[in-house]
J.: 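Here it is, the structure in full.
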Amino acid sequence: MMTEKKYDELMQPYVDAAFSKIEWPSSITGRLLLATKTYRQCAEQFEADTGQANPRRIGPDMLDLIHQYVEPLGDR
């Protein structure tokens with residue numbers, strides 16, 4: 001079984017390609033929903049391409065992932 005760290009490294013190109021194209025909404029709820037859906041699609045495509053399933057029981061920290069591609073929202 002693949003480790004989470006190795007999985008993340010191999011998934012990075014899929015996530016970069018998808019997340020860099022997103023027009024991020026201005027609400028945290030919208031961002032979380034969009035990120036979760038997009039990450040799931042990346043994981044499905046990665047598994048289809050490689051046969052490797054996500055070793056996690058739950059996804060990565062979505063806020064950390066989102067903030068790699070868009071600035072955090074200010075206090076609203």
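Values reported hereafter were calculated over all heavy atoms of this structure, with side chains retained and with hydrogens, waters and symmetry mates removed. Remember, it's a predicted structure, so these values are computed and weren't measured experimentally.
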J.: Nearest 0.5 Å, what's the CD1-CD1 distance between I22 and I66?
T.: 8.0 Å
J.: My understanding is that only residues two or more places apart in sequence, or in another chain, count here; which of them pass salt bridge (Lys or Arg N to Asp or Glu O under 4.0 Å) with E44?
T.: none
J.: A17: what forms a side-chain contact (heavy atoms from CB on, under 4.5 Å) with it, not counting sequence neighbours?
T.: none
J.: Let me see the working for N54 and E47 under side-chain contact (heavy atoms from CB on, under 4.5 Å), right down to the final yes or no.
T.: CA-CA 8 Å; N54 190 342; E47 186 171 356; over 6 Å; no
J.: State which residues pass side-chain contact (heavy atoms from CB on, under 4.5 Å) with E71; sequence neighbours excluded, sorted by chain then number.
T.: none
J.: D64: what forms a side-chain hydrogen bond (donor to acceptor under 3.5 Å, both in side chains) with it, not counting sequence neighbours?
T.: none
J.: What residues, two or more places apart in sequence or in another chain, satisfy side-chain hydrogen bond (donor to acceptor under 3.5 Å, both in side chains) together with Y14?
T.: D49
J.: Does anything in residues 2-14 pair up under salt bridge (Lys or Arg N to Asp or Glu O under 4.0 Å), and if so which pairs, sequence neighbours excluded?
T.: E4-R56, D8-R56
J.: Listing request: all salt bridge (Lys or Arg N to Asp or Glu O under 4.0 Å) pairs with a residue in residues 16-37, at least two apart in sequence or in separate chains.
T.: none
J.: Kindly indicate whether the side chain of V15, heavy atoms from C-beta on, has any atom under 4.5 Å from the side chain of L65.
T.: yes
J.: Measure the spacing between CE of M11 and CZ of F46 and express it to the nearest 0.5 Å.
T.: 7.0 Å
J.: Check ring pair (Phe, Tyr, Trp, His ring centres under 6.0 Å) between F19 and all other residues, then give those that pass, not counting sequence neighbours.
T.: W24, Y69
J.: Quick one: pull up OG in S27 and CG in L32 and give me the separation to the nearest 0.5 Å.
T.: 8.5 Å
J.: Return the CE to CG distance between M62 and L33, rounded to the nearest 0.5 Å.
T.: 11.0 Å
J.: Any side-chain heavy-atom pair from T3 and P55 closer than 4.5 angstrom?
T.: no
